[in-house]
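Below: the structure, in structure tokens.
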Amino acid sequence: MWRRVASLSSSISSSFLAQTASRLNTWESLTTGIAQQAKGVIAPKEKTPFITFVLGGPGSGKGTQCIKIVETFGFAHLSAGDLLRREIASKSADGAMILNTIKEGKIVPSQVTVKLIQKEMELSDNHKFLIDGFPRTEENRVSFEQIIGVEPNVVLFFDCPEEEMVKRVLNRNEGRVDDNLETIKKRLTVFQALSLPVINYYSEKGKLYTIKAIGTEDEIFEQVRPIFAAFEQTVG
Ligand SMILES: Nc1ncnc2c1ncn2[C@@H]1O[C@H](COP(=O)(O)OP(=O)(O)OP(=O)(O)O)[C@@H](O)[C@H]1O
Ligand SMILES: Nc1ccn([C@@H]2O[C@H](COP(=O)(O)O)[C@@H](O)[C@H]2O)c(=O)n1
Ligand SMILES: [Mg+2]
């Protein structure tokens, strides 16, 4: 979506677009309106974005359920953790800092994570986004609103007992540097202290859908399905 625009508007910085869109608070202005007006191109009707934040503690099953939501409802899946791990793998300038932060179970500066999410959104042709593992902190949340200029439509919270989360993470076997007991304990502390306030914020805004994240993957998805089914007509 933004990719096509970017080629038309190299002289217009994305931060200028984001700032303007933040004021107008519409995706259309953010993506095509300004750039195309500047070039005298007639803007096609773009779809309004539909943003879902997917929250929950480490191992609560966010990634597993996102795969099912993608298969069933055609969303684009953006995992903040995966984007950060990709930065480490690509040996980018921030790679070493990100690796140390993840090993410590801490939170990477919001500016870094939001820029990675923004880039993925710009490259996507989809207008329906699942943003998995974000926002983890109030700072993450505010930074997204400031840089991207939109708020989520839906926030999912996978509510899972700690004991079950620890068991799942220790059995995950994907070679992640943070899948060890020491880091899991730190991540659980960070979740309680920094992520739960974000979840409470969205609950107060009436955007939170809490899923009881115990049972089989399919049983859990049967709680998720009706949430997206209810929006399907309007979202497209
Ligand atoms: N309902 C379930 N029952 C048992 N195991 C599950 C269930 N859902 C997911 N798992 C397994 O638990 C592990 C963690 O799941 P997943 O990676 O989806 O969690 P996550 O919330 O994305 O965790 P993280 O925040 O650490 O990325 C995986 O190995 C996954 O296969
Ligand atoms: N918004 C975020 C998301 C993740 N991190 C760091 O990555 C680690 C792994 O994240 P997962 O979503 O894959 O569990 C996480 O523990 C953080 O260190 C982050 O900083 N900010
Ligand atoms: Mg995950």
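Start at 1 and go down the list; that is how both ligands and their atoms are numbered.
- By the 30° and 60° cut-offs, the orientation of the rings of Phe53 relative to Phe134 is perpendicular.
- Selection from Lys103, Lys62, Arg136 by nearest heavy atom to atom 2 (C) of ligand 2 gives Arg136.
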(request) Could you please spell out the steps behind the side-chain contact (heavy atoms from CB on, under 4.5 Å) verdict for Phe221 and Thr72? (result) CA-CA 10 Å; Phe221 187 63; Thr72 312; 3.4 Å; yes
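- Taking the six-membered ring where the residue is Trp, the centroids of Tyr202 and Phe157 are separated by 6.0 Å or more.
- With Asp178 as reference, Arg187 is the one residue of Arg172, Lys103, Arg187, Lys186 to meet the salt bridge (Lys or Arg N to Asp or Glu O under 4.0 Å) rule.
- Looking only at heavy atoms of the protein, atom 3 (C) of ligand 2 is closest to Gly133 O, 3.2 Å.
- The nearest pair of heavy atoms linking Ala80 to Thr113 is CB-CG2, 4.0 Å.
- Of the candidates Leu84, Asn140, Thr113, it is Leu84 that places a heavy atom closest to atom 19 (C) of ligand 2.
- Comment: Glu164 engages Lys167 in a salt bridge, judged by a side-chain N to carboxylate O separation of less than 4.0 angstrom.
- If you look at Asp82 next to ligand 2, there are no close heavy atoms at all, none under 4.0 Å.
- In summary, the atoms of ligand 2 found under 4.0 Å from a heavy atom of Lys106, numbered by their order in the structure, are 17 (C), 18 (O), 20 (O).
- Distances from ligand 2 to the non-hydrogen atoms of Arg176 include at least one value under 4.0 Å.
- Residues of the protein with a heavy atom under 4.0 Å from ligand 1 are Gly57, Pro58, Gly59, Ser60, Gly61, Lys62, Gly63, Thr64, Arg168, Arg172, Arg176, Arg187, Gly215, Thr216, Glu217, Ile220, listed by chain and number.
- Phe75 and Phe228 have perpendicular rings, their planes meeting at more than 60° on a 0 to 90° scale where under 30° would count as parallel.
- Within the 4.0 Å heavy-atom cutoff, Glu104 does not count among the residues contacting ligand 2.
- If you number the atoms of ligand 2 from 1 as listed, the ones under 4.0 Å from a heavy atom of Phe134 come out as 1 (N).
- The pair Glu120-Arg86 meets the salt-bridge criterion, with a side-chain N (NZ, NE, NH1 or NH2) lying under 4.0 Å from an Asp/Glu carboxylate O.
- Below 4.0 Å from some heavy atom of Arg85 lie the following atoms of ligand 2, by number and element: 9 (C), 13 (O).
- Dense packing is recorded around CD of Glu222, with more than 12 heavy atoms of other residues, nucleotides or ligands lying under 6.0 Å away.
- Sequence neighbours left out, the pairs with a member in residues 128-141 that pass side chain to side chain donor-acceptor pair (under 3.5 Å) are His77-Asp132, Ser110-Glu139, Ser110-Asn140, Glu138-Arg141, Arg141-Glu145, Arg141-Tyr201.
- Here Ser203 contributes atom OG and Leu196 contributes atom CG; the two are 11.0 Å apart, rounded to the nearest 0.5 Å.
- Between Val155 and Pro152, the closest heavy-atom pair is CG2-CG, 3.9 Å.
- Taking every heavy atom of Ala80 and a limit of under 4.0 angstrom, the matching atoms of ligand 2 come to 1 (N), 3 (C).
- Closest protein heavy atom to atom 20 (O) of ligand 2: Val108 N, 2.7 Å.
- Taking every non-hydrogen atom of Ile102 and a distance limit under 4.0 Å, the qualifying atoms of ligand 2 come out as 6 (C), 7 (O), 8 (C), 18 (O).
- Of the protein's non-hydrogen atoms, Arg187 NE, 3.1 Å is the one closest to atom 16 (O) of ligand 2.
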